[in-house]
2 protein chains.
Amino acid sequence: MYPSDPGYAPSFDTRLAQAETLCQERGVRLTDLRRRVLEIIWSHPKPMGAYAILDVLRGDGRQGAPPTVYRALDFLLEQGLIHRLASLNVYAGCCQPGSRHGGQFLICRDCGQVNEMNSPAVENLLCAEAAAHCFEVLTQMVEVLGRCPDCQRGTSSDVG
Amino acid sequence: MYPSDPGYAPSFDTRLAQAETLCQERGVRLTDLRRRVLEIIWSHPKPMGAYAILDVLRGDGRQGAPPTVYRALDFLLEQGLIHRLASLNVYAGCCQPGSRHGGQFLICRDCGQVNEMNSPAVENLLCAEAAAHCFEVLTQMVEVLGRCPDCQRGTSSDVG
DNA sequence: TAGCAATTGTTATTCTATAACATAATTGCA
DNA sequence: TGCAATTATGTTATAGAATAACAATTGCTA
Ligand SMILES: [Zn+2]
Ligand SMILES: [Zn+2]
Ligand SMILES: [Zn+2]
Ligand SMILES: [Zn+2]
C-alpha cells in the first residue's frame, strides 16, 4: 500500500519516525517529553485535551504540571506536527506534517470522531476569496461539525 | 444605498430592528438583557469576550455574573444573531442574520479587526468535499488569520 | 388570582491556559 | 575538559473562559 492509495494510513511508528526526520532536518529537538506527548496524541482514537494528556503523562510516573504539557504542545504546533481544534479545545495529530497548513477538520457531533480533510481546492478557493477582499492569508482554520458515515448508518463503534 | 450595493452597511438601529423582527417572527423573546448584550456587541468595533461584555453590563449599573452574559450569548447564538470565534474566545455580531450559517471570518493578526466574509462558493465547495467523504455537514466554521488591507498598507487606525 | 414555564440572579466550581521564577540538561567554544 | 550561554523542564501561583446548581423573579395563561 502506497501513500497515494485511498485508505492509506501510515503506522504509528512510521509517523513517529517521520516526525523525528522532520525535526532533524529543521535542527529542532524532539525531546523525550515532546515525543511522548506526540505518542500519546497519536495513540488515542480521538483528539485530546491538554489536561487529559497531562493525566497520561502522570500515569507514566513522570512529574508534570500544566506548563509541562502546554510547552510540548506549543512546540508540536509550531512544527506542524499537531493541530489545535479551537471549537473543542483539543489537540489532534497532523496526518500530513510535511507541508504546513491550518487544517480542515470533519468533526462528528455524535461520536466525536475527527477526520483531517485538507482539500487543496477549499484552501485555494478560500485564499482567492480572501484576496478578493484584499486580505493577506497567513493561516486558515476550517472546522466542520456534522455526522460521520458510521453515525449516519448507526454503525458507529464510538470508542470514546 | 441598497443592501446589494458594495460597501453597504446597515446602521446600528437598523440591525437591532431587524433582530427584533426576526425574534418576533420566530416567537422568541428578545428581552432587555438580550437586546442590551446585542447592542454592546454591535456598538464595539471588534468582537468582545464574554467578560468584557459583563464589564459593560455592570457599568450600566446592572447586576450580573458570568451566567448572566453566557445565557444571553447562548440565546443570540441559537438565533444566529451573533457568532463565536473559537480561536479567540470572542463573540461577533452576524452581518447577515436572516439566513443561518456558521460564518467565515477574516481576522487581522495585527489590529484584531474581524470581517465576516461568508462566501457561498466556499460554503458550497466545503459541503461538496465533505460529501465526498460521506460526511453530513451541520455547521461549518472558517477562521482565516492574516493581515487586513489597512495593516498591509500601514494605515490601520487600530481602535484597540 | 393561582399555577406554570421561561428568564434572571447568585454562589460556587470546573476547565483551559499562562506568568514567573527555579532547576536541569544541552550546546558551543576556549 | 571546563565553563558560559542557551534551551528545556520543574514548580507554584494565577488568570481567563465556561458551566453547575439552586433561588428568585417575571410573564403568560387558565
Ligand atoms: Zn494537518
Ligand atoms: Zn460519528
Ligand atoms: Zn453571520
Ligand atoms: Zn489589521
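All values reported here derive from a predicted model rather than from experimental measurement. Residue numbering restarts at 1 for every chain, and letters A, B, ... go by the order of the sequence lines.
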Cluster check [X], [Y]: I/L/V/M/F/W/Y, side chain < 4.5 angstrom:
{"X": "Val142(B)", "Y": "Leu138(A)", "result": "no"}
{"X": "Leu145(A)", "Y": "Leu125(B)", "result": "no"}
{"X": "Val69(B)", "Y": "Val90(B)", "result": "no"}

Comparing Ala72(A) with Pro66(A), nearest DNA chain D nucleotide closer to 5' gives the residue Ala72(A)
Looking only at atom types and distance, does a side-chain atom of [X] sit under 3.5 Å from a main-chain N or O of [Y], one as donor and one as acceptor?
{"X": "Arg147(B)", "Y": "Phe135(A)", "answer": "no"}
{"X": "Arg34(B)", "Y": "Phe75(B)", "answer": "no"}
{"X": "Gln18(B)", "Y": "Pro97(B)", "answer": "no"}

Expressed in angstrom and rounded to an integer, what is the separation of [X] atom [atom1] from [N] atom [atom2]?
{"X": "Met48(B)", "N": "dA17(D)", "atom1": "CE", "atom2": "P", "result": "12 Å"}
{"X": "Leu54(B)", "N": "dT19(D)", "atom1": "CG", "atom2": "C1'", "result": "14 Å"}
{"X": "Gln79(A)", "N": "dA8(D)", "atom1": "CD", "atom2": "C1'", "result": "14 Å"}
{"X": "Leu30(A)", "N": "dA8(D)", "atom1": "CG", "atom2": "P", "result": "11 Å"}
{"X": "Leu85(B)", "N": "dG16(D)", "atom1": "CG", "atom2": "P", "result": "19 Å"}
{"X": "Leu73(B)", "N": "dA17(D)", "atom1": "CG", "atom2": "C1'", "result": "12 Å"}
{"X": "Asn89(A)", "N": "dA18(D)", "atom1": "CG", "atom2": "P", "result": "8 Å"}
{"X": "Arg62(A)", "N": "dT11(D)", "atom1": "CZ", "atom2": "P", "result": "12 Å"}

Given protein heavy atoms under 4.0 Å, the one-letter contact record of nucleotides 20-30 of chain D, with B base, S sugar-phosphate only and - none, is simply BB-----S---
Closest approach to the side chain of Ala50(B), judged atom by atom: which nucleotide of dT9(D), dT12(D), dA18(D) is it?
dA18(D)
What is the first contacted nucleotide of DNA chain C and what is the last, in 5' to 3' order, if contact means an atom lying under 4.0 angstrom from a heavy atom of chain B?
dT7(C) to dT11(C)
Between Gln63(A) and dT9(D), is there a side-chain N or O to OP1/OP2 distance below 4.0 Å?
no
Establish, with yes or no, whether the OP1 or OP2 oxygen of dA18(D) is under 4.0 angstrom from a side-chain nitrogen or oxygen of Arg84(B).
yes
By the 4.0 Å heavy-atom rule, please label [X] as base, sugar-phosphate, or nothing.
{"X": "Tyr91(A)", "result": "sugar-phosphate"}
{"X": "Thr68(B)", "result": "base"}
{"X": "Tyr51(B)", "result": "base"}

Ring centroids only, cut at 6.0 angstrom: are Phe105(A) and His83(A) within range, meaning strictly under it?
yes
Polar side chain donor-acceptor pair, His101(B) to Glu116(B), under 3.5 angstrom
yes
Under 3.5 Å side-chain donor-acceptor pair for Asn118(B) and Glu123(B):
no
Just how far is it from atom CG of Leu126(B) to atom CE of Met117(A), taken to the nearest 0.5 Å?
5.0 Å
When the nearest nucleotide of DNA chain C is assigned to Leu33(B) and to Ala65(B) on a heavy-atom basis, which residue is associated with the more 5' position?
Leu33(B)
